[in-house]
Chemist: 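Below you'll find the structure I mean.
Not measured: the values here are computed from a predicted model.
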Amino acid sequence: MPKKTKWRKQQKRRRGGKASRMISLSFGDYGLKSLGAYWVTSRQIEAARKVLTRYIKKGGKVWIRIFPDKSVTVKGGEIPMGKGKGAVDHYVAVVKPGMIMFEMAGIAESQAKEAMKMAAYKLPVKCKYIKK
């Protein structure tokens with residue numbers, strides 16, 4: 001969740017298009033690349049991060065390249081149509097095809113590949129393991 005935003009509520013926008021930024025490895029040697037356009041929630045990012053840090057023990061380093069800065073609003077159950085927009089419920093990161101979401105360094109390739117595979121299970125988007 002961002003510390004401060006200019007506006008509390010955001011519009012939905014469309015989820016299409018390919019990524020034009022964050023498309024190459026910048027920090028680590030191994031990465032997890034998205035193959036689809038999705039909204040990844042902060043909880044899903046945290047679940048994937050826990051899996052990655054569990055696999056590296058105290059050896060390597062993990063970089064999270066996506067940040068949940070888009071607010072998603074939800075209206076309560078059994079509320080009639082109209083009466084304005086709902087309250088902010090959670091935050092998501094907008095992920096496009098080709099975007100690098102996580103990076104790793106400092107561990108063996110076989111271990112990194114397994115860790116990235118397990119982290120991909122926690123995410124709603126189809127992912128691909130890449131290396132430098």
Chemist: Could you work out, with ring-ring contact (aromatic ring centres under 6.0 Å, His included) as the rule, every residue matching Phe27, not counting sequence neighbours?
Modeler: Trp63
Chemist: Pair up each side-chain donor or acceptor in residues 78-95 with any protein partner under 3.5 Å, not counting sequence neighbours, and list the distances.
Modeler:
unit_1	atom_1	unit_2	atom_2	d
Lys85	NZ	Gln10	O	2.7

Chemist: Looking only at heavy atoms, what is the nearest atom pair of Trp39 and Lys70, with distance?
Modeler: CZ2-CE, 3.4 Å
Chemist: Check the pair Tyr55, Glu114 against side-chain contact (heavy atoms from CB on, under 4.5 Å), reporting the backbone distance first and the verdict last.
Modeler: CA-CA 8 Å; Tyr55 261 84; Glu114 183 66 23; 3.5 Å; yes
Chemist: Stepwise, does the side-chain contact (heavy atoms from CB on, under 4.5 Å) test hold for Met99 with Ile66?
Modeler: CA-CA 9 Å; Met99 209 179 252; Ile66 54 176; 4.3 Å; yes
Chemist: Can you give me the closest heavy-atom contact between Ile100 and Arg65, atom names plus distance?
Modeler: O-CB, 3.3 Å
Chemist: Closest approach of Ile45 and Phe102, non-hydrogen atoms and distance?
Modeler: O-CZ, 4.1 Å
Chemist: Table please: side-chain donor-acceptor pairs of residues 120-132 below 3.5 Å, with sequence neighbours left out.
Modeler:
unit_1	atom_1	unit_2	atom_2	d
Lys131	NZ	Glu109	OE2	3.3

Chemist: Just how far is it from atom NZ of Lys12 to atom OG1 of Thr73, taken to the nearest 0.5 Å?
Modeler: 7.0 Å
Chemist: Minimum heavy-atom separation for Val51 and Ala115, please, with both atom names.
Modeler: CG1-O, 4.0 Å
Chemist: Evaluate side-chain contact (heavy atoms from CB on, under 4.5 Å) for Met116 paired with Met104, printing each intermediate quantity in order.
Modeler: CA-CA 9 Å; Met116 291 291 186; Met104 285 180 105; 3.5 Å; yes
Chemist: Applying the 4.5 Å side-chain criterion to the ILVMFWY set and letting contacts propagate, would Ile56 and Leu32 be lumped into a single cluster?
Modeler: yes
Chemist: With hydrophobic residues grouped by side-chain heavy-atom distances under 4.5 Å, do Met101 and Ile64 end up in a single group?
Modeler: yes
Chemist: Can you name the nearest heavy-atom pair linking Ser42 to Pro68, along with the distance?
Modeler: CB-CG, 3.7 Å
Chemist: How about NZ on Lys117, more than 12 heavy atoms from neighbouring residues, nucleotides or ligands closer than 6.0 Å, or not?
Modeler: no
Chemist: Carefully, step by step, assess Ser34 and Lys96 under the rule side-chain contact (heavy atoms from CB on, under 4.5 Å).
Modeler: CA-CA 7 Å; Ser34 74; Lys96 293 184 175 184; 5.8 Å; no
Chemist: For the residue pair Gly28 and Ala105, what are the closest heavy atoms and their distance?
Modeler: CA-CB, 3.9 Å
Chemist: How far does CD1 of Ile107 sit from NZ of Lys57, to the nearest 0.5 angstrom?
Modeler: 10.0 Å
Chemist: Tell me whether Arg49 is salt-bridged to Glu46, with the criterion being a basic N under 4.0 Å from an acidic carboxylate O.
Modeler: yes
